[in-house]
A.B. asks: 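I have a structure here, written as structure tokens, and I will follow up with some questions on it.
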Amino acid sequence: MNSSESDTLPGAAPAREQVLREVVARLLGANDGTDPRVQMLAQLTVQVLLAEDDDGND
Amino acid sequence: METTECTGLEEVDLPPLPEVVAELLTMMGENTLHGACVARIVGRDPVLAGATLKLANSSFFGLAGRVACMQDAITLIGLNAVRNMLLILGMRRALKLPPGCFDTHAFWLHGLETAVAAREIARARGACGDDAFLAGLMHDLGKLLIACACPDLYARIDGYRRAHACSHADAEEAVGATGHEQAGWVLARAWKLPDVLAAAISRHHAPGSDDPDLVHVVHLANLLAHLAQGTDGTDPAPRLNTASWQRLSPAESDLLNALVAVRRLRRRSGEWRALLDQT
């Protein structure tokens, strides 16, 4: 899945976010990463994982 | 799907559905499941009763030493939690696995994660979510049957999946094996599980437009549970089914809630592993 600057989640460390995007892209397996529905699922998953990072840093 | 091996699952000596599980499912189907009934059913099975109390007193629930009888367990940790523990323990008892060929912890953790996601999605659609939870918990039952009946084949499927970083279903197809959906259907029929539950077990990867909502809910929940593996995930998701997305039209907020619920459960997977080891 492609990541663009406009997709970057507010406040997220870009490197960490990029790692998570790659992790989620792997977990999507044979799903079509250009499918908007799949992109939405990936984006939400990254969002949840990043939020956990924030919780852990509190 | 072409099958070249282990196709005769109907001829395998299928394990009977444990009596406790059968009674629980019947009562759930009739909406007559009450604490006193569960306590009475489990009371007839000392091994299961002991294991359930052990679980209830485990660190998982933070009630160590406080749960003295089945009625206490139901009062303190809830009827649904006790029911779910009994279903897992009953199915584990029925399907004895050869040592080393199957990651039981990962299997039940994924079942629980799918169950939690399915319940969230179902609730967002106005359902109570209990049926969805149960279907999510049991959706991969066919994997257990294949691992029990054909352990060498299961090991080949799992080996292929790991080597090619593909989904379990794709690995089954690649090695020409009976799919776990088909195996699950065989077991669901033998156990006379409710039709809707059998449908979720046998068609959760590619529900059709005629399938009931529950099958589509389990499909999406399964996908979310795979994604929620996060950085420690090694099991890629199956393909998103267009018919399921069209049927459910999930809101972003509902998907987010389901993912958060699964991650919350996953953060406690260490406790869950310890809990399973104790039984």
Side-chain angles (χ1 to χ4, degrees), chain A, chain B residues 110 113 116-117 120-121 161-162 164-171 173-174 205-206 219-268:
Chain A
M1 178 176 160
N2 293 327
S3 166
S4 66
E5 205 171 66
S6 61
D7 290 335
T8 302
L9 296 166
R16 175 63 177 164
E17 185 179 336
Q18 184 55 33
V19 168
L20 292 177
R21 285 189 187 282
E22 287 168 9
V23 164
V24 172
R26 269 201 305 278
L27 288 173
L28 281 169
N31 279 287
D32 176 6
T34 65
D35 181 336
R37 300 166 302 183
V38 172
Q39 288 180 345
M40 180 168 106
L41 291 172
Q43 179 70 10
L44 291 172
T45 307
V46 170
Q47 187 178 328
V48 169
L49 296 173
L50 279 173
E52 283 182 15
D53 285 357
D54 290 345
D55 290 345
N57 292 333
D58 286 344
Chain B
H110 175 64
E113 288 173 345
V116 164
E120 291 294 322
I121 297 166
R161 180 185 69 75
R162 290 174 189 280
H164 294 83
C166 63
S167 72
H168 190 93
D170 284 347
E173 193 168 351
H205 280 293
H219 167 79
L220 187 56
N222 182 34
L223 206 154
L224 293 176
H226 278 277
L227 291 179
Q229 292 172 101
T231 51
D232 52 4
T234 58
D235 190 5
R239 289 174 188 78
L240 175 64
N241 182 43
T242 295
S244 298
W245 192 271
Q246 287 173 343
R247 172 74 68 87
L248 301 175
S249 299
E252 274 194 33
S253 57
D254 297 334
L255 294 168
L256 201 59
N257 287 340
L259 283 166
V260 168
V262 175
R263 288 297 298 178
R264 198 177 297 133
L265 175 70
R266 195 168 187 85
R267 284 202 298 276
R268 302 186 68 185

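These numbers come from a predicted model, not from an experiment. Letters go in sequence order (proteins before strands), and every chain restarts at 1.
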A.B. asks: Once rounded to the nearest 0.5 Å, what's the spacing between atom CH2 of B:W245 and atom CG of A:L41?
C.D. replies: 4.5 Å

A.B. asks: Of the backbone (N, CA, C, O) and the side chain (C-beta and beyond), which part of A:R26 lies under 4.5 Å from a heavy atom of chain B, both, or neither?
C.D. replies: backbone

A.B. asks: Write down the atom of A:G29, the atom of B:P236, and the distance for their closest heavy-atom approach.
C.D. replies: CA-CB, 3.9 Å

A.B. asks: If every non-hydrogen atom of B:A237 is compared with every non-hydrogen atom of A:N31, which pair is closest and at what distance?
C.D. replies: O-ND2, 4.1 Å

A.B. asks: Can you list every ring-ring contact (aromatic ring centres under 6.0 Å, His included) pair that touches residues 23-42 of chain A, not counting sequence neighbours?
C.D. replies: none

A.B. asks: By a 4.5 Å heavy-atom criterion (distance strictly below it), what part of B:D235 contacts chain A: side chain, backbone, both, or neither?
C.D. replies: backbone

A.B. asks: With only heavy atoms counted, which part of A:L49 is less than 4.5 Å from chain B, the side chain, the backbone, both or neither?
C.D. replies: side chain

A.B. asks: Among B:L255, B:L227, B:L256, B:V262, find the one that has a side chain to side chain contact (heavy atoms under 4.5 Å, CB included) with A:T45.
C.D. replies: B:L227

A.B. asks: To the nearest 0.5 Å, how far apart are CG in A:L28 and OG in B:S167?
C.D. replies: 12.0 Å

A.B. asks: Quick one: closest heavy-atom pair of A:R37 and B:L240, and the distance?
C.D. replies: CB-CD2, 3.8 Å

A.B. asks: Might you work through the side chain to side chain contact (heavy atoms under 4.5 Å, CB included) test for B:L259 and A:Q47, ending with a clear yes or no?
C.D. replies: CA-CA 10 Å; B:L259 283 166; A:Q47 187 178 328; over 6 Å; no

